[in-house]
Amino acid sequence: MQRRLLQVLLVLIGLFFLAGIYPLFTSIPQHDPSAYGDQMMLAVYFVLGLFLLLAVKTPEEHRSLIAFTGWGTLAHDTIMAVQAYQQKQLRSELLPLVAVALVCIALIILTPPRRERER
């Protein structure tokens, strides 16, 4: 049951990250220097999404990738939440950030345990 839940989560997160390629080509101004960071992050998350989808079949073999996705995204989410709180015009983003944090925590909890030979 836990493995199946992890696989479903990996598919959903992987597809969500892949969907980030759409705004990369459509809504981010290509000649706006302030958008370069957004473009780089979307590209990194797109590649991460591909690897998460590859990990669905055998998640226990991709433990580090799954843990990195959970912890890395949670760290990014936390920084965004602090910025949203500090900048009043971004406070509407707090609820989605809480949702992302909950998904990250679930991913961290569901990360497969180390196998005996890894210890």
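Position 1 is the first residue of the sequence, and the numbers go up from there.
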Tightest non-hydrogen contact, residues Pro59 and Leu10, listed as CB-CD1, 4.0 Å
So the side chain to side chain donor-acceptor pair (under 3.5 Å) pairs with at least one residue in residues 71-81 (sequence neighbours excluded) are none
Counting only pairs under 3.5 Å, give me each side-chain donor-acceptor contact of residues 96-112, with atom names and distances, residues two or more places apart or in other chains.
| residue | atom | partner | partner atom | Å |
| --- | --- | --- | --- | --- |
| Thr111 | OG1 | Leu107 | O | 2.9 |
| Thr111 | OG1 | Ile108 | O | 3.3 |

Smallest heavy-atom separation, Phe17 atom then Tyr45 atom, equals CB-O, 3.1 Å
Distance col, row Thr69:OG1 vs His62:NE2, nearest 0.5 angstrom, shows 11.5 Å
Note: Tyr85 and Leu94 closest approach over all heavy atoms is N-CD2, 4.4 Å
*asked:* Hydrophobic clusters here meaning ILVMFWY residues chained together by side-chain heavy-atom distances under 4.5 Å, can you tell me if Val44 and Leu42 are in one?
replied: no
In terms of heavy-atom contacts, Ala55 and Leu65 come closest through CB-CD2, 4.2 Å
- request: Establish whether Phe16 and Val8 are linked, either directly or via other cluster members, by ILVMFWY side-chain heavy-atom contacts under 4.5 Å.
  value: no
>> Quick check: is Leu52 connected to Leu74 through a chain of hydrophobic side chains (ILVMFWY, heavy atoms under 4.5 Å apart)?
In response: no
Salt bridge (charged side-chain N to carboxylate O under 4.0 Å, His left out) pairs touching residues 2-16, sequence neighbours excluded, are Arg3-Glu60
### Task
Would you mind reporting whether Val56 and Leu6 have side-chain heavy atoms less than 4.5 Å apart?
no
Would you say Leu9 and Leu5 make side-chain contact, with heavy atoms under 4.5 Å? no
Does Leu12 share a hydrophobic cluster with Leu15, counting links as ILVMFWY side-chain heavy atoms below 4.5 Å and allowing steps through other members? no
Distance col, row Phe68:CZ vs Leu48:CG, nearest 0.5 angstrom, shows 6.5 Å
